[in-house]
Each structure stands twice: as C-alpha cells, then as structure tokens.
Amino acid sequence: MEDNLLYERDAARRVDDVTDALDRLAGTFAEEEELLVVLQRVCRQVMHAVPDAEIASITLLRDGAPYTATATGDSAHHIDQAQYDAGRGPCLEAARTGELQRVTVTEAARRWPEFAAAADECSVVAYLSAPLFVDHQYHGSLNLYDTGGNSFGALDAALLDLYTAAAESALRSTRRHQAARETMGQLRTALTSRAVIDQAKGILMALHSIQSHDAFDLLVKASQEQNMKLRDVAANFVAEVTASPNRQ
C-alpha cells in the first residue's frame, strides 16, 4: 500500500515536471525564434521532463545522413557519433523506424556491439530515444542518456513520448514562421529587383530612344560582360545616372 502511494506521488511529480517543461516550451511560439534556437530549447528542457536523463541530444537526418543538431554536452556528441560511425544505435533506430527505443547498456551491447563498444567510455547505463518528425526536411530523434544508474522506466518513456509530441508541434510552428519569413524575403527581393530593372530600362529607353525589349537586351549584355547579376547591373546603372543629372 505504501509502495503504491510512493509510486503515485513520484508519478504525479514527474507529470508536473513534464508539464512545467511544456509550459516553458510553449513560450517559443510567440517569439518566432529560429529553428535551431527552438531545437536547443527542446534539448535543454527535456531534461526537466525526464529527470533521470543526464545527457540529451537531437539527431537529424539530412539526405539520410545523421548529424547532431544540438546537445547538452560533448559526451552527447561522442555517443551520437559512435552510432553514426557504426551505422546503428538507439537514436538511428528511433529515427528510421519511427518507434521509441528504451534500451539498457546490456541490451545495447547485444543489439549494436560496434556502437556499444565505442560509447562504453561515457559510462551510459541506459538509452531512451524518441522519433522526432517536424517535416520531410527536419526529422530524426530526441535522445536521452542515463549515466546515473537509475535506468529508464516505462513512465520515463511515456513522459518523453508526451514531451516529444508537444515539441514537434512547437517546431512545426517555428518552421511555418521561418518558411513564411523566407518567402516574404524572396518576394521582397524579387520586387526590388524588378523595380530597379524597370527603372534602368526606362532610363535607357529615354536616353537612346529605344524600345523596352532593346533596353532589356542592353542590360543583359552588360550583365554577361561584367559577370554580374542583372539586378546589380541595373542598380549600378541607375545609381550612376542619378548621381549625374546632366548626363546626356
């Protein structure tokens, strides 16, 4: 009876911890931060969500090749790299299969001996990796490593699964904001380029009494000869002409 009460109290405390971590993460929505910054926050705050973890990292796959996007310390990079070099390990298994991996060091040695041998010096006793999917460009796993000897239980796995689901939502929101900002920037650049090119064409048409397409051909020729972008040639020409109002 007493053991059950202690377990319930511990479970309630852990749920409070993950709730607090999620509340902190929610603050990134309004700030519209860069994706890497949010990834770093996710990596740091998961330590509050799953207190048994001493080390955390996030693995992403770029064209199938894994890399560590962020981590809480050098040891995490070492453990991750051991998996990348071996081509196998809990973080890669989670990223590739989409299934959460909860593995003790003994199980890891049996399933992935090359990786386990390389990671042995970090004194990890248990691994916990959850698949992390933002979009097709950003996907991988959120990884926790235990060096304290407590190992990871079923409750730790459930809390990480809950935290990861919320983190994915935050990261997708960040990606949407980032994509929107990039699109707006591209449109702004395109509009600015179009405006300065049209201005340069207008000046050439007036100076040489030529048609629009002939003026454009002159700009293209200058761009090729000077090995410069068309908008830069146009901008330089407009700046030169407007700086010399008496130019004929």
### Query
Mind checking whether V124 and V105 have side chains closer than 4.5 Å, heavy atoms only?
no
### Considering all heavy atoms, the nearest A71-C43 contact
CA-SG, 3.9 Å
### Query
CG of D52 to CG of L159: how many Å apart, nearest 0.5 Å?
9.5 Å
### Task
Output all residues satisfying side-chain hydrogen bond (donor to acceptor under 3.5 Å, both in side chains) with D198, sequence neighbours left out; order by chain, then residue number.
R194
#### Entry: Pairs where residues 80-125 contributes a residue and the test ring-ring contact (aromatic ring centres under 6.0 Å, His included) is met, not counting sequence neighbours
F115-Y127
### Query
Does the side chain of T97 come within less than 4.5 Å of P131's, by heavy atoms?
no
### Query
Mind checking whether F152 and L160 sit in one hydrophobic cluster, side chains of I, L, V, M, F, W, Y counted as touching below 4.5 Å?
yes
#### Entry: Considering all heavy atoms, the nearest V196-A235 contact
CG2-CA, 3.6 Å
### Query
Are Q81 and D85 close enough that a side-chain donor and a side-chain acceptor fall under 3.5 Å?
yes
### Task
Determine, using the 4.5 Å side-chain heavy-atom cutoff (strictly less than), whether L100 and V134 are members of one ILVMFWY cluster.
yes
## Note on the structure
Heavy atoms of H78 and C122 approach each other most closely as CD2-SG, 3.3 Å
### Message
Does any part of the side chain of H77, heavy atoms only, come nearer than 4.5 Å to the side chain of S57, both counted from C-beta?
### Response
no
Residues 213-224 side chain polar contacts: donor-acceptor under 3.5 Å, at least two apart:
| unit_1 | atom_1 | unit_2 | atom_2 | d |
| --- | --- | --- | --- | --- |
| S223 | OG | M228 | O | 2.4 |

### Under the salt bridge (Lys or Arg N to Asp or Glu O under 4.0 Å) test, residues paired with R88 that sit two or more places apart
E114
### Test item: I197 and V233 side chains (from C-beta on) under 4.5 Å apart, heavy atoms
no
### From L128 atom CG to Q101 atom CD, the distance as rounded to the nearest 0.5 Å
9.5 Å
### Message
To the nearest 0.5 Å, what is the distance between CG on L92 and OG on S129?
### Response
8.5 Å
### Query
With a cutoff of under 4.5 Å between side-chain heavy atoms, which Ile, Leu, Val, Met, Phe, Trp and Tyr residues group with F133?
none
### Q137: side-chain hydrogen bond (donor to acceptor under 3.5 Å, both in side chains) partners, not counting sequence neighbours
R175
### Message
Rounded to the nearest 0.5 Å, what separates atom OG in S212 from atom NZ in K201?
### Response
3.0 Å
### Sub-4.5 Å side-chain heavy-atom contact between Y145 and T72
no
### Message
Determine whether a donor-acceptor pair (N or O, by modelled atom type, separation under 3.5 Å) exists between the side chain of H48 and the backbone of Q45.
### Response
no
### Side-chain heavy atoms of D135 within contact of R172, under 4.5 Å
no
### Least distance between heavy atoms, R102 atom then E107 atom
O-OE1, 4.0 Å
### Task
Could you state whether V125 and L155 fall into the same hydrophobic cluster, counting links through intermediate Ile, Leu, Val, Met, Phe, Trp or Tyr residues with side-chain heavy atoms under 4.5 angstrom apart?
no
### Task
Work out which heavy atom in A53 is nearest to a heavy atom in M47; give both atom names and the distance.
O-CE, 3.4 Å
### Task
Hey, could you give me the OG/CD distance between S141 and Q83, rounded to the nearest 0.5 Å?
7.5 Å
### Query
Any link between L39 and Y163 through a network of hydrophobic side chains (Ile, Leu, Val, Met, Phe, Trp, Tyr) touching at under 4.5 Å?
yes
### Query
Taking C-beta and beyond as the side chain, do F237 and L204 meet within less than 4.5 Å on heavy atoms?
yes
### Task
Please check if V46 and I79 belong to a single hydrophobic cluster, counting links between Ile, Leu, Val, Met, Phe, Trp and Tyr side chain heavy atoms closer than 4.5 Å.
no
### Message
Within this structure, what is the OG1-CZ distance for the pair T104 and R111, rounded to the nearest 0.5 Å?
### Response
10.0 Å
### Task
Answer yes or no: is there a side-chain heavy-atom contact under 4.5 Å between Y138 and L132?
no
### Message
If I compare all heavy atoms of L142 with all of I58, which pair ends up nearest, and what's the gap?
### Response
CD1-CG1, 3.6 Å
